[in-house]
Amino acid sequence: MPSPLSKDKGKAEIQDDSDLTEEEKAALAAAAEARQRSFERSFAGPSVGKAGLVRDQTEINKVIAEASKLTDNPNRYYQNQVRKDKELTEKIEWYQAKRDELMKMANIPRLEAEADRILLEVEATRDISQTIVHVDMDAFYASVEVQRDPTLKGKAFGVGQGVLTTASYEARKFGCRSGMAGFIAKKLCPHIILTKMHFDLYIAASKAVREVLLQYDENLMMASLDEGYLNITPYMSTHNMSASDTVAQIRAEVEAKTQLTMSAGIAPNRMLAKICSDKNKPNGQYEMEFERSVITKFMRDLPVRKIPGFGRVTERCLEGLGVETCGDIYTHRAELLVMDHWFGFRGLCKAYLGIADNNVAPGKREERRSVGVERTFRDKVDEEDILNEVASIAEELEKDLERLQYAGKTVTVKYKLHTFENKTRAKSVGKYISTSKEILPIALELMKRELPVRIRLLGIRLSTLKDLTIVDKGIKGFLVSPSKKRAAGGSRTGTPVPTENDDDSPELIRMEEEDEAEVLDMTLDDDQDGSPAPNETLTPPPTSALGKRKSSENDKSHLLGPVCPICSKALGAGTSNIGLNEHIDWCLNKDAISEASKKSPVKKARLENGVQAKKAKEKGTMLDWLKKK
DNA sequence: TGGTTGAAC
DNA sequence: AAGAGTTCAACCA
């Protein structure tokens, strides 16, 4: 039974297939189906695809997409998904064209050789000396809810009002997932019970868990209320215990203390540990063998989507390049190398090799970047209505700022149109502000410029923060105990770190913090160029890989003059690194810019940003593979 | 640098 | 009857 969706999206574009061979037709059909599945997947909630519990997710996704479509007409949300899907598809097609174009003139053996060289370089950064554990509470909120209301036990229920934050395992059997809209969950599972959230209970339970974990690693890194990372290497050696025994003991102790079960993954780095903790969930553990060959074998068949930081969009972009598993990264290394600018080749190498950060550090200090409040409501068009809402939100924000002890300089107003398109408008001011009295006029001003609008969400966010608990200014900072008002607020635990900071700059000393939960950095490598490279992540570092690179030092290749790896053109002995760089840049991008502004599917410069990059360290990109001949 | 947008968790 | 909060990166003017 062909879903209406597949008619709309799937094959519609491919109409004239009369002169195609059978294989080509089959390939096109397969591609269309894959795309269709991906599109349907996009309705099911963010967590789908990460954790593969249910058998026939495809069927479930169809139901969801159908339900979504029929909800109301016209369903703006659905239409918005369609629009985004279309843009994504166009972007992917652009990538494919780019790839084909570059590959046409590329010297493939040379590309592969270079890719292999980089692989080796990345491989050299592997560190399996530490035993990292990722612990993950099983259906945490749901389990706590059962403790609160035992009648929920064994039933299909979800936690959360409009959107499920968690689904009980019984509900998951019906395809219900966290992140899923409540009414969709009802469609999938009509008898599902939806409960409110009880954050105070979750926080208390989390604290109990944390206390146990801290006995095994005082540097425990909590990634959220229900998951965390430990480095149990010291514990294992002082207690002369194996990793699996240690983890079994941790889990038993947590369960004894809290009646909550957890799953755990044991591996040499955070990324692998996190993936492993999913393997035997719920209430199980999985230990990765600390052996290179085992790890690479493990990665080979692992869908790239499982890598933390690789989301739905990245998944589809890679899929468009023929990459679905981490193993595919190797087979497609030539193309991926040439697409380095957009996908970040070294990050992909790390995924393929199973290499990532193994640092476990407590939620350092509290360098929060912004504080915001936003609300969703039924469509508003009335000007006064809207401005009242702005005022109300500003007051709420003031309360949060007071509780959290922050002031800030940049006010951002965010709104979502009835079409589900998001907009933001921001304005910075010269001094730190924190009260509604100060914020509201700015927010109002920003919002008034947008009227008239029909919106379903409004929010205000304050950024460029100053931490008011840091009294600092030299010695005094140490005499005043840092108020401990924060803590309750949000995701991050950790105590404020009094920081001495003598100038007027609000900037705190940024210790290498980061370690954002899901971010996989490396840290250990960073060989050349002596830059600290504190946070390179697995997600592609597309940026400025080429033109803007600093020239690296160890470039001694000009005896014969550099050769462009794309067009194989010799550039002459006199060509400088920078000159070579420029040539490569030009060679790779000559058409990109003009094309982008002309026929590029996605607006103008939207092209490259599909792939998310975190701190793209100025290292492992094109220049590297040039500099050695 | 400030403003906007989007991806991801 | 499709949430809320936060961070990060890219791009542009």
Side-chain angles (χ1 to χ4, degrees), chain A residues 42-47 50 64 67-68 70-73 75-78 80-81 84 87-88 91 160-165 178-187 197 199 223-224 227 274 305 307-317 341-342 344 367-379 396-397 400 404 409-414 416 420-429 446 456-457 459 461-465 489-492 513-519 535 537-544 596 602-616:
Chain A
S42 74
F43 289 95
S47 63
K50 264 322 195 204
I64 295 170
S68 302
L70 299 173
T71 303
D72 75 78
N73 75 100
N75 183 332
R76 309 283 181 188
Y77 181 80
Y78 175 82
N80 192 249
Q81 291 301 124
K84 291 203 292 194
E87 285 179 10
L88 214 208
K91 180 158 63 182
Q161 354 56 343
V163 168
L164 309 195
T165 61
S178 64
M180 181 178 284
F183 78 94
I184 299 281
K186 277 243 197 272
K187 286 230 155 69
M197 304 236 283
F199 252 101
S224 66
E227 60 180 296
K274 173 147 183 162
R305 183 65 169 86
I307 307 287
F310 284 54
R312 255 187 264 140
V313 172
T314 305
E315 176 188 34
R316 280 203 47 192
C317 291
H341 185 264
W342 297 278
E367 262 298 84
R368 195 197 272 250
R369 296 299 163 88
S370 67
V371 179
V373 174
E374 62 192 53
R375 283 190 203 144
T376 297
F377 36 71
R378 279 202 287 278
D379 287 6
E396 179 125 350
L397 179 56
D400 283 358
L404 268 17
K409 283 184 176 176
T410 304
V411 176
T412 303
V413 167
K414 166 184 175 185
K416 192 187 296 194
F420 286 86
E421 250 184 311
N422 286 314
K423 302 278 182 199
T424 61
R425 297 289 178 258
K427 181 179 165 112
S428 298
V429 295
L446 289 167
R456 59 168 6 258
L457 170 147
R461 176 162 298 275
L462 191 67
S463 51
T464 321
L465 297 181
S491 38
R492 259 301 184 245
E513 29 108 350
E514 225 31 307
D515 302 318
E516 245 346 290
E518 317 300 330
V519 180
N535 323 292
T537 73
L538 267 183
T539 10
T543 225
S544 50
V602 198
K603 304 215 172 130
K604 29 183 172 204
R606 282 275 74 84
L607 292 167
E608 296 99 68
N609 81 354
V611 182
Q612 160 140 359
K614 316 260 169 161
K615 328 246 171 167

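Residue numbers begin at 1 in each chain, while the letters A, B, ... track the order of the sequences. Bear in mind the structure is a predicted one, so any value in this text is a computation, not a measurement.
In the set dG5(C), dG3(B), dT4(B), dT4(B) carries the atom at the smallest distance from any side-chain atom of Arg425(A). Of all nucleotides listed (dG3(B), dA2(C), dT6(C)), dA2(C) comes nearest to the side chain of Ile184(A). Here the side chain of Arg368(A) is nearest to one of dA2(C), dA7(B), dT7(C), namely dT7(C). Checked against dC9(B), dA7(B), dG3(C), the side chain of Arg305(A) finds its nearest nucleotide in dC9(B). The side chain of Thr376(A) lies closest to dG3(C) when the candidates are dG3(C), dT4(B), dA1(C). You'll find that the side chain of Lys423(A) is closest to dT5(B), out of dA7(B), dA1(C), dT5(B).
Listed by chain and number, the residues in a side chain to side chain contact (heavy atoms under 4.5 Å, CB included) with Lys423(A) are Tyr415(A), Leu417(A), Glu421(A), Arg425(A) (sequence neighbours excluded).
Backbone-only contact: Gly372(A) has heavy atoms under 4.0 Å from sugar-phosphate atoms and none from a base. Among the atoms of the strands shown, base atoms are found under 4.0 Å from some heavy atom of Thr424(A). Lys414(A) comes within 4.0 angstrom of nothing in the nucleic acid, heavy atoms only. Counting non-hydrogen atoms under 4.0 angstrom, Arg461(A) reaches a base of the nucleic acid.
To the nearest angstrom, P of dT5(B) lies 14 Å from NZ of Lys416(A). The separation between Arg369(A) atom CZ and dA8(B) atom P is 21 Å, rounded to whole Å. Between the C1' atom of dA7(B) and the CD1 atom of Ile307(A) lies a distance of 17 Å, rounded to the nearest Å. One can place NZ of Lys84(A) at 12 Å from C1' of dT5(B), the figure rounded to the nearest angstrom. When the P atom of dT1(B) is taken as reference, atom NZ of Lys409(A) falls 11 Å away, rounded to whole Å. Rounding to whole angstrom units, CD of residue Glu374(A) and P of dA2(C) are separated by 15 Å. Nucleotide dG3(B) holds its P atom 12 Å from the CG atom of Leu462(A), rounded to whole Å. The separation between Asn80(A) atom CG and dT5(B) atom P is 14 Å, rounded to whole Å.
Counted within 6.0 Å of NZ on Lys427(A), heavy atoms from surrounding residues, nucleotides or ligands total 12 or fewer; the atom is thus considered open.
When every heavy atom of Lys409(A) is checked against every heavy atom of Leu462(A), the shortest pair comes out as N-CD1, 4.4 Å. For the residue pair Arg368(A) and Leu465(A), the shortest heavy atom distance occurs at O-CD1, 3.6 Å. Nearest heavy atoms, Ala185(A) versus Leu164(A): CB-CD1, 3.8 Å.
For Arg456(A), a side-chain nitrogen or oxygen approaches OP1 or OP2 of dA2(C) to under 4.0 Å. Within the 4.0 Å cut-off from OP1 or OP2 of dG3(B), not a single side-chain nitrogen or oxygen of Thr412(A) is found. Residue Ser428(A) places no side-chain N or O under 4.0 Å from the OP1 or OP2 atom of dT1(B). Of the side-chain N and O atoms in Ser370(A), one or more sit less than 4.0 angstrom from OP1 or OP2 of dT7(C).
Taking 4.0 Å as the cut-off between side-chain N and carboxylate O, Lys416(A) and Glu374(A) do not count as a salt-bridged pair.
Comparing Val371(A) and Phe420(A) by the nucleotide of DNA chain C that holds the closest heavy atom to each, the one mapping nearer the 5' end is Phe420(A).
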